[in-house]
Amino acid sequence: MKKIKFTLILILITTITFAQESPRKQTTGKIGEVTVTIDYGSPFVKGRTIWGGLVKYGKVWRAGANENTTFSFDKEVTIGGTLVPAGKYSFFIIPYENKDWVLILNKKNDGWGAFSYNEKEDIVRLNIAPKFVDTNQESLMYSIVEKGIQLAWGKMRVTLPIN
């Protein structure tokens with residue numbers, strides 16, 4: 001009986017440990033009068049090459065781990081000159097090695113990864129230059145800043161401007 005209990009406890013600890021590899025996170029804040037909620041999986045760098053390694057250049061990336069990253073707005077917003085109605089949208093990025101990255105807001109908000117991504121569902125596509133800094137952000141993190149949403153992971157920072 002003790003061996004069975006020990007085995008079950010070991011399985012439980014292992015399951016919990018691996019389930020925390022990319023924990024689901026949520027952040028909420030205001031940009032002007034608009035309440036923004038971001039839901040995302042937060043993977044860790046763990047010594048890996050992220051840009052051009054784990055996240056391939058020139059390929060659509062879900063901008064997080066597991067289920068798609070989603071942005072929800074309680075009022076309409078303007079992103080890159082496009083009026084975006086209140087609602088919930090998925091967020092994708094196409095990173096490039098030597099040019100601006102493509103930041104994408106997509107109408108389909110219930111996918112897993114970029115497998116079901118369809119460019120025809122894009123509501124916004126913006127070319128934005130990422131910034132590379134000296135400080136490492138170990139776990140992927142989204143922040144709501146004064147005029148947008150910032151993504152920080154590894155030594156990269158990129159902001160989606162929102163009005």
[atom2] on [Y] to [atom1] on [X], rounded to 0.5 Å:
{"X": "Leu105", "Y": "Ile79", "atom1": "CG", "atom2": "CD1", "value": "5.0 Å"}
{"X": "Glu67", "Y": "Ser22", "atom1": "CD", "atom2": "OG", "value": "10.5 Å"}
{"X": "Ser72", "Y": "Gln26", "atom1": "OG", "atom2": "CD", "value": "8.0 Å"}
{"X": "Ile38", "Y": "Thr28", "atom1": "CD1", "atom2": "OG1", "value": "8.0 Å"}
{"X": "Lys107", "Y": "Ser90", "atom1": "NZ", "atom2": "OG", "value": "11.5 Å"}
{"X": "Ile94", "Y": "Lys99", "atom1": "CD1", "atom2": "NZ", "value": "9.0 Å"}

Looking at [X] and [Y], what are the two nearest heavy atoms and their distance?
{"X": "Pro95", "Y": "Trp51", "value": "CB-CE3, 4.4 Å"}
{"X": "Val36", "Y": "Ile144", "value": "O-CD1, 3.4 Å"}
{"X": "Thr70", "Y": "Lys88", "value": "OG1-CE, 3.6 Å"}
{"X": "Asn68", "Y": "Lys108", "value": "ND2-O, 4.5 Å"}
{"X": "Phe44", "Y": "Pro23", "value": "CE1-CD, 3.8 Å"}
{"X": "Arg62", "Y": "Thr69", "value": "O-OG1, 3.4 Å"}

Item to check | Crowding at NZ, Lys147 (>12 non-hydrogen neighbours, <6.0 Å) | outcome: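 Counting neighbours around NZ of Lys147, 12 or fewer heavy atoms of other residues, nucleotides or ligands fall under 6.0 Å, so no.
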Next on the checklist: With a 6.0 Å cut-off (strictly less than), is the heavy-atom count around NZ of Lys131, excluding the residue itself, greater than 12?
Outcome noted: no
Donor-acceptor pair, distance only, cut-off 3.5 Å: does the side chain of [X] make one with the backbone of [Y]?
{"X": "Lys25", "Y": "Gly41", "result": "no"}
{"X": "Asn106", "Y": "Asn118", "result": "yes"}
{"X": "Glu138", "Y": "Lys46", "result": "yes"}

With the 4.5 Å side-chain cut-off for hydrophobic clustering, are [X] and [Y] part of the same group?
{"X": "Leu54", "Y": "Tyr57", "answer": "yes"}
{"X": "Leu83", "Y": "Leu160", "answer": "no"}
{"X": "Val133", "Y": "Leu151", "answer": "no"}

Checklist entry - Salt bridge check: are Asp39 and Arg24 linked by an N-O gap of less than 4.0 Å? => result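 Salt bridge flag = yes for Arg24 with Asp39.
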Item to check | Residues Glu119, Arg125; criterion side-chain contact (heavy atoms from CB on, under 4.5 Å); working and verdict | outcome: CA-CA 10 Å; Glu119 186 174 342; Arg125 287 177 73 94; 3.6 Å; yes
Next on the checklist: Does Asp122 form a side chain to side chain donor-acceptor pair (under 3.5 Å) with Tyr117? I'd like the steps, not just the answer.
Outcome noted: CA-CA 9 Å; Asp122 291 352; Tyr117 170 76; 2.7 Å; yes
So, do [X] and [Y] sit near enough that their side-chain heavy atoms are less than 4.5 Å apart?
{"X": "Gln137", "Y": "Met156", "answer": "no"}
{"X": "Trp153", "Y": "Val55", "answer": "yes"}
{"X": "Val45", "Y": "Ser139", "answer": "no"}

Next on the checklist: Please evaluate residues Ile31 and Val77 with respect to the criterion side-chain contact (heavy atoms from CB on, under 4.5 Å), reporting the C-alpha separation (whole Å), side-chain torsions for both, the decisive distance (0.1 Å), and the verdict.
Outcome noted: CA-CA 9 Å; Ile31 299 174; Val77 295; over 6 Å; no
Item to check | Option from Tyr142, Phe91, Phe71 for which ring pair (Phe, Tyr, Trp, His ring centres under 6.0 Å) with Tyr40 holds | outcome: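 Only match with Tyr40 under ring pair (Phe, Tyr, Trp, His ring centres under 6.0 Å): Tyr142.
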Checklist entry - Does the side-chain contact (heavy atoms from CB on, under 4.5 Å) test come out yes or no for Tyr96 and Val102, once each step is laid out? => result CA-CA 8 Å; Tyr96 290 97; Val102 180; 4.0 Å; yes
Checklist entry - Do Asp100 and Ile128 pass the side-chain contact (heavy atoms from CB on, under 4.5 Å) test, and can you show the C-alpha distance, the side-chain angles, and the key distance before you say yes or no? => result CA-CA 5 Å; Asp100 289 352; Ile128 303 284; 5.8 Å; no
Item to check | Parallel, tilted or perpendicular: ring planes of Phe132 versus Trp101, cut at 30 and 60 degrees | outcome: perpendicular
